[in-house]
Every structure is written in structure tokens, then in C-alpha cells.
Amino acid sequence: MVQSNPRPPLPQISVQELADRLASAPVGLQLIDVREPHEVEIAAIAGFTILPLSEFSQWSGEIYTHLDPEMETLVLCHHGIRSAQMCQWLQTQGFTQVKNISGGIDAYSQLVDPTVPRY
């Protein structure tokens with residue numbers, strides 16, 4: 001018996017695509033970083049809204065005041081695992097244009113901007 005997957009595959013965007021989007025002054029693009037505050041202090045990319053997953057209970061009830069579910073939303077973490085979880089949750093909340101940033105800020109540092117510290 002073949003199991004059907006109820007959830008479509010999670011859309012991904014590469015760090016190179018992210019850099020291209022950031023360079024073209026993205027209008028109508030929501031950028032979310034789900035890492036912890038101490039991680040953001042070490043390495044960050046300008047323009048991202050910080051919504052740590054550990055503080056989910058504090059901000060999840062107000063997600064529609066922070067974000068527009070119709071806008072393209074790119075989600076970042078350290079390597080791409082936590083951001084994938086956030087993307088899946090956003091999809092359950094009706095967000096239609098969510099993309100996980102594949103490889104996270106670590107890949108961004110390695111492949112795009114070596115001035116972003118690695119940790």
C-alpha cells in the first residue's frame with residue numbers, strides 16, 4: 001500500500017538565491033530568523049525579524065500582527081532544521097509563500113559572505 005504524503009515538500013531557497021534577493025532590495029519579502037538571541041549576537045543578516053523558536057509561546061499568538069500570510073516569507077536558522085519546523089508551522093497557519101533557507105546562516109557564511117562569523 002502506498003502512503004500518500006499529506007504535506008507537500010517544503011519549498012527551499014539557496015543562500016545564493018537569498019543573497020540575490022537581498023541585493024535587489026526586496027519589496028514585499030518577509031525575513032524571519034528563528035535562532036536564539038545569543039546566536040543572533042554572534043552572526044546575523046540585516047533585515048531579519050528575530051522570532052526565536054524557544055520563545056514560540058510568547059509570539060505565536062500574535063503571528064498575524066508580525067507577518068502577512070500572503071507575502072513571501074523566507075525563514076533562517078543555523079543549518080536549516082529549526083527554520084524548516086517554522087516553515088511547516090507557518091503553512092498550517094495559512095501562510096502560502098513560505099520558503100526555508102537551505103543550509104542556514106552557516107551556509108551563508110561559507111558560500112556568500114565570509115565576514116559573517118561561523119559558530
Side-chain angles (χ1 to χ4, degrees):
M1 179 190 248
V2 176
Q3 293 270 354
S4 64
N5 185 357
R7 184 180 291 154
L10 193 61
Q12 304 275 335
I13 183 173
S14 73
V15 291
Q16 291 90 347
E17 290 172 294
L18 171 65
D20 292 344
R21 297 293 301 277
L22 295 176
S24 65
V27 175
L29 189 61
Q30 297 176 126
L31 304 169
I32 308 300
D33 188 334
V34 296
R35 295 175 303 135
E36 298 305 307
H38 70 273
E39 292 178 278
V40 175
E41 285 178 26
I42 297 168
I45 302 171
F48 278 77
T49 299
I50 312 303
L51 295 174
L53 278 188
S54 68
E55 298 172 13
F56 179 81
S57 63
Q58 296 169 34
W59 53 256
S60 60
E62 300 172 2
I63 195 68
Y64 300 107
T65 61
H66 295 290
L67 303 172
D68 180 343
E70 302 298 319
M71 285 178 65
E72 185 174 9
T73 305
L74 307 181
V75 186
L76 177 77
C77 71
H78 191 200
H79 289 111
I81 306 301
R82 288 174 285 174
S83 53
Q85 293 171 335
M86 176 68 162
C87 288
Q88 290 171 344
W89 179 77
L90 286 170
Q91 287 177 330
T92 69
Q93 302 304 303
F95 284 72
T96 56
Q97 298 187 60
V98 178
K99 292 181 184 146
N100 186 33
I101 300 169
S102 182
I105 198 162
D106 193 57
Y108 189 86
S109 175
Q110 289 180 308
L111 303 171
V112 174
D113 184 354
T115 66
V116 173
R118 293 186 69 207
Y119 62 98

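Between the OG atom of Ser24 and the CG atom of Leu29 there is a distance of 8.5 Å, given to the nearest 0.5 Å. Between the CD1 atom in Ile101 and the CZ atom in Phe48 there is a gap of 4.0 Å [rounded to 0.5 Å]. Atom CD of residue Gln88 and atom CD of residue Gln91 lie 7.0 Å apart, to the nearest 0.5 angstrom. Annotation: the span from Gln93 atom CD to Leu67 atom CG amounts to 11.0 Å, rounded to 0.5 Å.
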Could you walk me through whether Met86 and Leu51 pass side chain to side chain contact (heavy atoms under 4.5 Å, CB included), step by step?
CA-CA 10 Å; Met86 176 68 162; Leu51 295 174; 4.2 Å; yes
Checking Gln30 against Thr49 for the side chain to side chain contact (heavy atoms under 4.5 Å, CB included) test, could you report, in this order, the C-alpha distance in whole Å, the side-chain angles of both residues, the deciding distance, and whether it holds?
CA-CA 8 Å; Gln30 297 176 126; Thr49 299; over 6 Å; no
Could you go through the side chain to side chain contact (heavy atoms under 4.5 Å, CB included) check for Ile63 and Leu90 one step at a time?
CA-CA 9 Å; Ile63 195 68; Leu90 286 170; 4.1 Å; yes
Evaluate side chain to side chain contact (heavy atoms under 4.5 Å, CB included) for Thr96 paired with Glu70, printing each intermediate quantity in order.
CA-CA 6 Å; Thr96 56; Glu70 302 298 319; 4.1 Å; yes
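Hydrophobic clustering (ILVMFWY, side-chain heavy atoms < 4.5 Å, transitive): Leu74 and Val112 are in one cluster. Tracing side-chain contacts under 4.5 Å through hydrophobic residues (I, L, V, M, F, W, Y), one never reaches Leu31 starting from Val98; they form parts of separate clusters. Connection of Ile32 to Tyr64 is established within a shared hydrophobic cluster, with ILVMFWY side chains joined at heavy-atom distances below 4.5 Å, either directly or through further cluster members. Leu76 and Val15 fall within the same hydrophobic cluster, where Ile, Leu, Val, Met, Phe, Trp and Tyr residues are linked whenever their side-chain heavy atoms come under 4.5 Å apart, directly or through other members. Both Val75 and Leu53 are members of a single hydrophobic cluster when ILVMFWY side chains are connected at heavy-atom separations under 4.5 Å.
The local environment of CD1 in Ile42 is crowded, with over 12 non-hydrogen atoms from other residues, nucleotides or ligands closer than 6.0 Å.
Side-chain atoms of Asn100 do not come within 3.5 Å of backbone N or O of Ser102 as any donor-acceptor pair.
By the 30° and 60° cut-offs, the orientation of the rings of Trp89 relative to Phe56 is perpendicular.
Using a cut-off of 4.0 Å between Lys/Arg side-chain N and Asp/Glu carboxylate O, Lys99 and Glu17 are scored as not salt-bridged.
A donor-acceptor contact closer than 3.5 angstrom links the side chains of Glu36 and Ser54.
Evaluation of the ring pair (Phe, Tyr, Trp, His ring centres under 6.0 Å) test over residues 98-119, restricted to residues two or more places apart or in two chains, returns His78-Tyr119.
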